[in-house]
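Accompanying notes for the structure given below.
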Amino acid sequence: MTNTPAPLLWFVLCIALTLSACGFHPRGAYQLPKELTQVYLEGGSPAMREQLRQQIAKSGGKLTDSRSGAMMVIKLFDEQFQRRTLSLSARGKANEYELHYRVEYELATPQDAILLPRQPLEVRRDYYNDQQAILARDNEEATLRNEMAQQMVRTLLNQARYTLEKSEK
């Protein structure tokens, strides 16, 4: 028996070192500034509200039920979710779709002082529509919609963090 580790061990060690060297870290909760621990959401779909509630809760905050208990108000306007056909099969059925999620938002204080004026936020995804797997394609679209809402919430919270940091300087 030799003293050299197995090739698999070397491979795992190289991957671990590579990932740690590039700054990779799993997605998850991050520390919110004090002003974002109590947020009131005005407008938005139930799915968006739930995603925001979950993300803020993971970070130790709370989505409040009233403006009076909030430190920041996120106003959502004109939330739209659209699906567009990108390509068709020879039989005229959709092979590929594009999902487009768009919302306009504004950041304000509970007293309605505007911190960030109204601006758009968009997320797009395409996916292949497998004609043979009907159940799978419905699940794929639902999963993509959920991931798009998660990305929208993360972007919104990052923008709120940036706005707060900018206003403090």
Side-chain angles (χ1 to χ4, degrees), residues 15 18-33 35-37 39-64 70-109 114-167:
I15 293 295
T18 302
L19 287 176
S20 65
C22 75
F24 172 80
H25 60 283
R27 273 193 232 170
Y30 51 90
Q31 192 63 36
L32 290 174
E35 294 85 355
L36 283 174
T37 57
V39 176
Y40 178 70
L41 179 63
E42 195 173 284
S45 66
M48 175 63 98
R49 184 173 294 280
E50 181 58 23
Q51 287 295 332
L52 188 61
R53 187 197 61 74
Q54 286 177 7
Q55 188 64 42
I56 291 174
K58 281 182 193 174
S59 302
K62 181 182 175 193
L63 192 61
T64 63
M71 298 174 144
M72 178 181 274
V73 177
I74 299 175
K75 299 177 182 181
L76 298 180
F77 311 96
D78 203 24
E79 186 176 1
Q80 300 172 0
F81 216 110
Q82 298 173 335
R83 182 173 75 169
R84 183 176 70 122
T85 303
L86 291 179
S87 65
L88 298 173
S89 69
R91 302 170 99 191
K93 303 240 180 188
N95 273 343
E96 199 174 6
Y97 286 112
E98 176 188 59
L99 298 176
H100 181 223
Y101 189 19
R102 183 180 193 283
V103 68
E104 290 186 12
Y105 71 98
E106 181 177 273
L107 303 177
T109 65
I114 304 298
L115 298 171
L116 185 68
R118 188 171 172 164
Q119 55 188 288
L121 188 57
E122 296 182 7
V123 178
R124 294 177 190 265
R125 295 277 187 284
D126 336 332
Y127 73 96
Y128 178 72
N129 182 29
D130 187 358
Q131 300 295 324
Q132 305 302 317
I134 294 168
L135 291 175
R137 83 173 164 215
D138 289 342
N139 281 342
E140 183 174 6
E141 184 168 329
T143 301
L144 281 173
R145 284 177 179 254
N146 189 37
E147 288 174 0
M148 291 169 76
Q150 287 174 1
Q151 181 180 353
M152 187 77 75
V153 165
R154 281 192 305 271
T155 303
L156 205 90
L157 288 175
N158 284 336
Q159 185 64 43
R161 288 173 73 183
Y162 175 74
T163 301
L164 289 171
E165 288 171 6
K166 191 173 148 185
S167 69

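The model shown is predicted, which means the values in this text are computed figures rather than measured ones. The figures that follow rest on heavy atoms only: side chains count, while hydrogens, waters and symmetry mates do not.
Side-chain contact check for Asn146 versus Gln51: some heavy-atom pair is nearer than 4.5 Å. Side-chain contact check for Thr155 versus Gln159: every heavy-atom pair is 4.5 Å or farther apart. Side-chain contact between Leu107 and Ile74 is present, with at least one heavy-atom pair separated by less than 4.5 Å. Contact of the Val153 side chain with the Met48 side chain is registered, since non-hydrogen atoms from C-beta on lie closer than 4.5 Å.
Shown are Thr37, Thr64, Leu115, Thr109; of these, the side-chain contact (heavy atoms from CB on, under 4.5 Å) with Met72 is made only by Leu115. With Tyr97 as the fixed residue, the side-chain contact (heavy atoms from CB on, under 4.5 Å) test singles out one of Asp126, Thr85, Leu86: Thr85.
Here the CD1 atom belonging to Ile56 is positioned 8.0 Å from the CG atom belonging to Leu41, to the nearest 0.5 angstrom. With values rounded to the nearest 0.5 angstrom, Leu121 atom CG is found 10.5 Å from Glu79 atom CD. Atom CD in Glu122 sits 9.0 Å away from atom CD in Gln80 (nearest 0.5 Å).
The existence of a salt bridge linking Glu147 and Arg125 is excluded, since no basic side-chain nitrogen approaches an acidic carboxylate oxygen closer than 4.0 Å.
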* Chi angles and distances behind the side chain to side chain contact (heavy atoms under 4.5 Å, CB included) call for Arg83, Tyr127 -> CA-CA 11 Å; Arg83 182 173 75 169; Tyr127 73 96; 3.8 Å; yes
* Run the numbers on Leu99 and Val123 for side chain to side chain contact (heavy atoms under 4.5 Å, CB included), then give the verdict. => CA-CA 8 Å; Leu99 298 176; Val123 178; over 6 Å; no
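Nearest heavy-atom pair, Ser45 versus Tyr101, reported as atom, atom and distance to 0.1 Å: OG-OH, 4.3 Å. For the pair Lys75 and Ala108, the tightest heavy-atom approach, listed with the atom from each and the gap, is CE-CB, 4.2 Å.
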